[in-house]
Each structure stands twice: as structure tokens, then as C-alpha cells.
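These notes concern the structure reproduced below.
Chain letters run A, B, ... following the sequence lines, proteins first and then strands; every chain starts at 1.
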Amino acid sequence: MPELPEVETVVRGLRDVLPGRSIVSIRLGKTDFIDDPVALGESLPGRRISSVERIGKFIHLQLAPNGSSHPEAASHLMVHLGMTGRLVVRAAKEPAPPHTHVYFELDDGRELRYTDIRRFGQMLVLPDAKLVELRERLGEDALNVSPEEFRRRLAGRRARIKALLLDQGVLRGVGNIYADESLWRARLHPARLAAKLSVQEVDRLRQMVQRVLGEAIRLRGSSISDFVDSDGQPGGYQKWHRVYAREGEPCYRCKTRIRRVIVAGRSSHFCPRCQPAPRSRRAGRAESRKARSRPRQG
DNA sequence: AGCTCTTCCTGAAAGC
DNA sequence: TGCTTTCAGGAAGAGC
């Protein structure tokens, strides 16, 4: 699933080819993931793409002002890849894969194509003011958040650390894979309450989040099911996953079998030895009861 | 405030 | 073998 490193990889690829190009025309397939398909179809043809940026997990295409622009004019195209979204540039004559729902014809004979099997993605066109609103409801970028800001955002929160890592209003860019990978490296159980983490633990977590994200960007993201970059190439970071999708396999540090539990409604992978469970009465009992009733041969 | 459940969607994999 | 059920998950909304 595309998280910060995957989106960053796509953005870097698009940045090589899109700025300066104009959108000639648009063709739409299914549109239920587009907030306003009519506005998209009407406001984009003829516009020039001036820049490509990442905002959390959103891809942001800035459109150069056209002659009659007023403050309400859509000048930003936002794309969220959801679970299975792909944004790829191809020669227009090349056949498109199934589930391709948006075709942006470019002025150089190529097409920017959006393909999304499950259509959990999002596509929206926004005027300046709405872009500001979107930015405001997202937290600090996970890659750049300072130690002080990270501490401040977790301070006093009674939620589980896993839930907060996934909350885009707290920190933007982290999803399920990189949350689990960061927590394993920081040796923190996903169900720990943020308010009960020590300053050292919070700082360590921030370091590990940024280290994991940085390494994943270097390897051009993780390809678990559908992710490819803007050239259609898979990433390589899945080879370095330490817990994600490794239930029952030995921990890379201590050989204990990796476990998977649901925390914050998400499957969470962790090492029960390196990442000790919090000492809360109910959770603690439920954990040990489960462990006893599920013996595994070793 | 924060948790769980539900919804959206499809294809892979498990179950029968 | 082949059909049916289950599961995965980003994000938002409902209800507790």
C-alpha cells in the first residue's frame, strides 16, 4: 500500500516529466473516487502543470494560472493512491491496464494515467483556500517532524501509539507497514499508550520512523501487492521488512515468533519479547489468555 | 477523548 | 474441481 515512501517515489518520478507539460484532454472511467468529476473534466484541459509535490500521502500537482483565474478557480489537483492506486506516465498509444479510470492526455504524446483496482483512492481539484484547509487538517510531515514537535503531539494522549502513528492529523505519511516497522525498531509495543512513553522512548520512536522512511525512500518504496512507481517499476524495501506480514516467523533480533494482533482496528505485527506489552489489567489478561490457548509447535 | 464497528471495493486465498 | 466465504486495508462517519 502506498505510504510516504511510495508516494515520495512516485512524486520524484513525476517531477522528472510533468512540470512544464500541459493537459490536453481528460477521459474518465468510473468516477466514484473523484469528489467532483465534472469540475475535474472542465477545469483541467488546457492547464499547464507547474510543480509536483508530496503532502503526506497526497500527490499534489500545482496548475499554472490560466488567463481568467480568480480565487475560486481550481489550481491544485490532489491524488491519494488509497490502497491500490497507481499514477503512471505512458505513451498514449500504449494499451492501458484494467481498472484505469483517469487518462490525462499530455502535450508530448504521453498520458498520465490513474489505475486503481479497489478505488479506495481519492482525486480532487481544489482552489487555493481549500488546499490551505487540507494542509491544516494534516499533521506534521513524518519525515521532517522535529523531536520537540513529535513530543508535543504525543504529549498527554491516552490513545495507543499505533493509532497515533496512523492518524494523519497527528503525523502525516505513516501507514500500517511503516508504523509496525518503526515500532519494532524502537522496541515499543503497538498498544502502549502514548502518554505513558518516556521521553527517551518517544525520541527513539521518532528516530526510527525517520530512519525507516528514509531507507524505504532510498529503495523506492515497498511493493506488497500493487505498488509501482511512475515508470511502473516495483520498489525494494519489502525485502527489509522486519515484522510486517511475518506472523509466526522468527524475530530478526531474538528469534521469537512474530505475532499479529489487532490494535486500533489494524493488524499489527510485533515481537512479543523485544516489544513487551503494556501492563494494563484488561489488555494484559486478554493477551496471556490468548497466548495460552493458542499453542504453536515450534 | 478514544474505541469499535461499518462502509467503500476487488482479487487472492482459504474453506467446504 | 468449483463455488462461496473471508480477508486485507486508508479514511471517514456513527455510536458508545
Problem set entry | Short side-chain donor-acceptor distance under 3.5 Å, A/Q200 and A/R204 | no
For this session: Would you indicate what A/Y244 reaches in the nucleic acid, counting non-hydrogen atoms under 4.0 angstrom: base, sugar-phosphate, or nothing?
Result: sugar-phosphate
For this session: Check every strand shown and say whether A/D32 touches a base, only sugar-phosphate, or nothing at a heavy-atom separation below 4.0 Å.
Result: sugar-phosphate
Could you tell me how far apart [X] ([atom1]) and [N] ([atom2]) are, to the nearest whole angstrom?
| X | N | atom1 | atom2 | value |
| --- | --- | --- | --- | --- |
| A/H80 | C/dG9 | NE2 | P | 15 Å |
| A/K162 | B/dC3 | NZ | P | 13 Å |
| A/L166 | B/dT4 | CG | P | 13 Å |
| A/Y178 | C/dG9 | OH | C1' | 15 Å |
| A/I262 | B/dC5 | CD1 | C1' | 13 Å |

Between [options], which one does the side chain of [X] approach most closely?
| X | options | answer |
| --- | --- | --- |
| A/M83 | C/dA11, B/dG11, C/dG10 | C/dG10 |
| A/K57 | B/dT10, C/dA8, C/dA11 | C/dA11 |
| A/R260 | C/dG10, C/dA8, B/dC9 | C/dA8 |
| A/A163 | C/dG9, B/dC3, C/dG10 | B/dC3 |

OP1 or OP2 of [N] versus the side-chain N and O atoms of [X]: is any pair under 4.0 Å?
| X | N | answer |
| --- | --- | --- |
| A/R118 | C/dG9 | no |
| A/S267 | C/dG9 | yes |
| A/H99 | B/dG11 | yes |
| A/Q168 | C/dA11 | yes |

Exercise. What's the verdict on side-chain contact (heavy atoms from CB on, under 4.5 Å) for A/V102 and A/D116, showing C-alpha distance, side-chain angles and the deciding distance?
Worked result: CA-CA 9 Å; A/V102 186; A/D116 191 348; over 6 Å; no
Cationic N near anionic O, under 4.0 Å, [X] to [Y]:
| X | Y | answer |
| --- | --- | --- |
| A/R153 | A/E149 | yes |
| A/D141 | A/R54 | yes |
| A/E181 | A/R185 | yes |

For this session: Kindly confirm whether the side-chain ring of A/F120 is stacked on the base of C/dG10, judged by centres under 5.5 Å and planes under 30°.
Result: yes
For this session: Could you tell me whether A/R253 atom CZ has more than 12 heavy atoms of other residues or ligands within 6.0 Å of it?
Result: yes
Exercise. With a 3.5 Å cut-off and just heavy-atom distances, do the side chain of A/R157 and the base of B/dA1 make a donor-acceptor pair?
Worked result: no
Contact list (N/O, under 3.5 angstrom) for nucleotides 12-16 of chain C vs protein:
unit_1: C/dA12; atom_1: OP1; unit_2: A/R137; atom_2: NH1; d: 3.1

For this session: Mind telling me whether A/H60 and A/H76 have parallel, tilted or perpendicular rings, with 30° and 60° as the class edges?
Result: tilted
